[in-house]
Amino acid sequence: MLNPLSLDIETAPVKGFPQEYALQPWRVLEGKAQIDCISVAKASGEAILVTNPKQFRALLKSLAGKTIWTWKGTFDIAWLIAYGYEKECRDIIWRDGMIFWKWLDNSQLCERRPAWSLADGVKRFYKDEKWCAPFIKMKKEEVHAGENDQYWETRAKLDAIMTSRVVVAVHEKMDQQRIDSSYITMNGMVAVAGSWVRGVTINYDKIDVIAPAVTVEMSEIECRLGCHEHGQEAHHHMGVNGWIPSKVFSSPKQLGNLLYVTWAMPINEKRRTPTGKPGTDKAALTYLADENPLVTEILRWRQLNTQLSKYLRSPLKAREYLGNDIVHPSASMFSTYTGRYTYSSKTSKKFCTGVALHQWPRQKEFRALIVPREGYKHVEFDAAGQESRLMAEASGDLAMRAVFAEGKDFHSFTGARVSGLTYEAFMKGKAEGNSAIVGNHGFRYQGKFTNLSCNYRIGVPTLRQQARVQYGMDVDFMKAKSWQDAFHNSFPGVKPYWKTAVNIAKTQGYAKTMAGRRMGLMFWKGDDKWSTDSTAINFPIQGAGADMKDLAIQEIDKLFPEFEFWFDLHDGLHYEVLLDTPDSRLIECRTMLDNLDYLKWWGVQPTVPLTWDASVGENWSKLKELN
DNA sequence: TGCTAACGCGCC
DNA sequence: AAAGGGCGCGTTAGCA
C-alpha cells in the first residue's frame, strides 16, 4: 500500500435538465445526465483526467486487473454501469476508502459526530498538512454540476489524490483480519451499484386495484366514528389521489384528545410518550380496544393509512417523478454501525426516487407490487434462523448449539419447552397437524415468538406487549414470564453471554464480530450504560449477520454472475434471475452458500452450521422454497 | 414557506 | 427503576 490508485468521476445533468440528475445515474439511460470527467490519481499527486467520453472505455480497460480505490464508489461504478461498462467494471478490483475508514474507526464517537465524507477523512488523517485546509475549502465551494469545467476537473483530480492518501493512512493502522474482511464488503460494490441503476419495477396496475379499496374502507370508518370531513359521496368522485384522510386519527395530539378527553378513556401511565403525553400508539390503543370496540376501528384505520401513504401513494409519487415504472432505492453499504445495508428513497422530500423497500409489508397483496423486470424471476437466498444461530455461536450455549447441530426445528424445540411436551412428542403432534401445536397461536408459534424476542434483554411487560401488538397473542404477565423463563431455562448460556459480551467489549474497548468487524465502545457510565451494554451484546450477533451477507454477496457475484443482485433485506438476499434458469442452478448456489469457507475468508470457523434457504417465484408474493 | 421535533410504524 | 437491538419514512405541530 505505497501509492494506491484512485478514481473519481464528476457527473452533471445534460443541458436543460434538473441539477439533481447529477446524482441519478439511471438518467444516463434517458439521455438526461452524463459523466463530465473521470480522474485517476495516486497518493503522490500524479493524476490523469479524461473528459472525452470516447476514451472512457479505453481508460477502464487499461485498469483491468488493477486495484482501484474510490470514495463511496458505488456512485462512480453505477455511472459506469449506466454507460454500458459493466464488463469493464467487473475486471477491476474496486475498493472504497470510506468503507475502509469505517472498518477502522467505527465507534460510538462517530455516532455523535457523523462524518464520513472525503473532506472529513482528510481532516482526520492530515490535519497538519499545508494542503489540507485548501482542499476542505475547495470542497465547500458551491459550484453547480455541469458549470465551471475547470473547477470540477480540478476537483475530480484532487478527490482521487486525497482518496489515495486517506487510504494509505487507514491502511497503516489496520490489522490484517479487518483489511481482509473489509475487502469482502467492497467486493459487493459492483453488484450494489448495478442494482441501483437497474432499479425495482413496481406493478402499478395492482396499485390501482388496491388503493380504492383502502380509501373506501378508511372513509367508511371515518363515517362510523363521525370524523368524516368530506362526505362519503365526495370520495367516490375524488379518486385515490384526491381523497384526503381525516387528520383526527393521524395526529397524536388530536387522537389523544378524542380518546382521553372526548371519550374520557383511562390514561395508562406506563404508555406515556417521552414528553409525558398520553400514548396513542398501537400498544396503547390495543389495550383501550378492550373497553371500546371503536378503538379497534381506529387501529384498522391507521393501518390502512400507513398502507395508503407509504406503500401506495409513495410509489405513485415516484412514478410521477421518475417518468416510468422503475424506482431506484439507493443502498448504502456501511451506514449502520453493525454493517447492515440501508436504503434511502427520499420519497417525503423533493425527489421521489424510490420506495421504502426495507419496510415493505409482509402481506402478499403488497409484496405482489414488487416484480422482477420482463424476462426475469424473483429468487431469494435467506440465511436460515440467522440471528438464533449466531446467538448459539456467540454464546456457546450447549442446548442451542445442539438444536442446530442436530438439525432440529428451533421454534418447535422452544415450543415443546413451553408446552411441557418432549421434543419428540411435539414433532409427532406437529406431523399429525395437532392444532394446539401448529394452530394459529399454537405452541410452535409461541416458541417462535419466544425465540425471536428473548435473545436480548427484553422485560416481561415489553415481551407481553410485543406478543399482543405484533403477534396478536393476548397473554397475561405470568404467561409472558413463563415463556421468558422457558427460553432461559432451555438456553442457560444466553444470560452469561450478555455478561461476558459486555466484559469483553469493556476490556478491549470494542465489540467484535467473527470477521473482525469492530464497534468501538467508550460510553460505559451513567445514562449511556444501558445502551452501550446493549450494543456490546447485540453487535457481535447482528454484525456477524452483516459479515455473512457481505461474504454471500461476494461469492454469488463471483460464482453466479448471471444472478443479478436486486436488493438486500438483512438476512435475505434478493436476485433477479433469467426465467429459463433451472432450479438445479439455484440449488447449486444454495449449496455453495451452505458450504462457505468461513475459515478462509474470516480466519475463523463457526461451529454452528450456518445454512441457507432458496426460494423462487414470479414475484415476491409467490416465492416457493426449493427442496 | 421551510424547517425540525415528536410521534407512530413498517421491516429485519 | 426499568429498559430487546438495528434501521428509514410519513404525518402533524409549532416555530421562524
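Quick note: numbers below take in every heavy atom, side chains included, and nothing from hydrogens, waters or symmetry partners. Protein chains get the first letters and strands the later ones, always in sequence-line order, with residue 1 at the start of each.
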Check: A/Gln446 side chain, A/His441 main-chain N or O, donor-acceptor pair, under 3.5 Å: yes
Does the separation of the ring centres of [X] and [Y] fall below 6.0 angstrom?
{"X": "A/Tyr445", "Y": "A/Tyr471", "value": "yes"}
{"X": "A/His488", "Y": "A/Trp498", "value": "yes"}
{"X": "A/Phe366", "Y": "A/Trp360", "value": "no"}

Just checking A/Ser250: base, sugar-phosphate only, or nothing, at a heavy-atom cut-off of under 4.0 Å? sugar-phosphate
Classify A/Arg367 by what it touches in the nucleic acid, base, sugar-phosphate, or nothing, heavy-atom distance under 4.0 Å. sugar-phosphate
Any idea which of B/dC11, B/dC7, C/dT12 is nearest the A/Gln359 side chain? B/dC11
Nearest to the side chain of A/Lys253 - B/dC12, C/dG5, C/dA13? C/dA13
Is A/Gln470 near enough to B/dC9 that one of its side-chain N or O atoms lies under 4.0 angstrom from OP1 or OP2? no
Reckon A/Ser453 has a side-chain N or O less than 4.0 Å from the OP1 or OP2 of C/dG4? no
Which residues within [range] lie with some heavy atom under 4.0 Å of an atom in DNA chain B?
{"range": "residues 378-389 of chain A", "answer": "none"}
{"range": "residues 534-542 of chain A", "answer": "none"}
{"range": "residues 294-301 of chain A", "answer": "none"}
{"range": "residues 278-291 of chain A", "answer": "A/Gly279, A/Thr280, A/Asp281, A/Lys282"}

For DNA chain C, the residues among residues 506-519 of chain A that have a non-hydrogen atom under 4.0 Å from it: none
What nitrogen or oxygen pairs link the protein and nucleotides 1-5 of chain B at under 3.5 Å?
none

Separation of C/dA2 P from A/Asp533 CG (nearest whole Å): 17 Å
Confirm from the modelled atom types if A/Arg340 and B/dC12 form a donor-acceptor pair under 3.5 Å, side chain to base only. yes
With the stacking rule set at 5.5 Å and 30°, tell me whether A/Trp530 counts as stacking on C/dA3. yes
